[in-house]
Amino acid sequence: MTTKIKLPVVEFNKSILSKIYWVSFAIVVVVFLILFIMANDENNQIGKLFVLTFSLFAIGILFLKNPYSHNDFLTISKDAIEYKTESYLIKDISEIKFLYNGYKGKPMSINIMYLSSGYENILKFKHKGTDLKFNIELKYEYLGLLRRVFSEFESVGIPISVLNSWGKKIKL
């Protein structure tokens, strides 16, 4: 049985507006922290101003563009890896590395307040001596298919290494 999987390829587009937003947010937090420590505020005006400013930043984040955009699909099968009009035959691929950083919605720590976006996964492979790299979005339902495709690659002699975000070799 041949497994075929279509993975969304994402591109990271961090805008200058986003950088300005986060730098100004950090500066405002530091300034208010210094004011809380240094100023004698009996009427709690600094606290009220901080809450107002923090609320405005929280509303402002809703208007920031998502820095990730979908850039097409990477189709992986036992015979080839295809992207747009390019087709990379498996027989011409010498090694595959998959940098796994979690699937969409996966808790990133014991405290489940921070969930993975699934965007920080990278598939690297060497095709006819050329290194290729794709940032892909990974969802939970893709994991089993990806495991199956990788085992098919290993069965034809292509070395696969799956690394976590710390560079440690793992099983997917």
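What you see is a predicted model; the values in this text were computed from it and never measured. Numbers here are sequence positions counted from 1.
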Might you point out which heavy atoms bring [X] and [Y] nearest each other, and give the distance in Å?
X      : Y      : value
Phe134 : Leu132 : CE1-CB, 4.2 Å
Ser24  : Phe57  : OG-CE2, 3.8 Å
Ser94  : Pro159 : O-CD, 3.3 Å

In Å, rounded to the nearest 0.5 Å, how long is the span from [atom1] of [X] to [atom2] of [Y]?
X      : Y      : atom1 : atom2 : value
Lys78  : Arg148 : NZ    : CZ    : 13.0 Å
Glu120 : Ile136 : CD    : CD1   : 12.0 Å
Asp72  : Lys84  : CG    : NZ    : 5.5 Å
Lys139 : Leu143 : NZ    : CG    : 12.5 Å
Ile160 : Lys171 : CD1   : NZ    : 11.0 Å
Lys124 : Ser161 : NZ    : OG    : 10.0 Å

Discussion item. Taking Asp131 first and then Lys126, would you say they form a salt bridge - that is, a charged N and a carboxylate O separated by under 4.0 Å?
Written reply: yes
**OP:** Classify the ring geometry between Phe32 and Phe36 as parallel (under 30°), tilted (30 to 60°) or perpendicular (over 60°).
**Re:** tilted
Query - Ring geometry between Phe150 and Phe153 (parallel below 30°, tilted from 30 to 60°, perpendicular above 60°) - result: tilted
Side chains of [X] and [Y]: does their closest heavy-atom pair fall under 4.5 Å?
X      : Y      : answer
Glu95  : Lys97  : yes
Leu49  : Phe54  : no
Leu7   : Leu146 : yes
His127 : Phe125 : yes
Ile158 : Ile90  : yes
Ile5   : Tyr142 : yes
Asn121 : Leu123 : no
Asn164 : Asn101 : no

Linked, directly or transitively: [X] and [Y] (ILVMFWY side chains, under 4.5 Å):
X      : Y     : value
Ile59  : Val51 : no
Leu145 : Ile81 : yes
Val29  : Val31 : yes
Ile170 : Leu99 : no
Phe73  : Val9  : no

Discussion item. Measuring centre to centre across the rings, with the benzene-like ring taken for any Trp, is Tyr83 within less than 6.0 Å of Tyr88?
Written reply: no
With Tyr100 as partner, the option from Leu163, Leu138, Ile122 fulfilling side chain to side chain contact (heavy atoms under 4.5 Å, CB included) is Leu138
Joining Ile, Leu, Val, Met, Phe, Trp and Tyr whenever any side-chain heavy atoms lie under 4.5 Å apart, the cluster holding Ile37 also takes in Val30, Leu33, Ile34, Met38
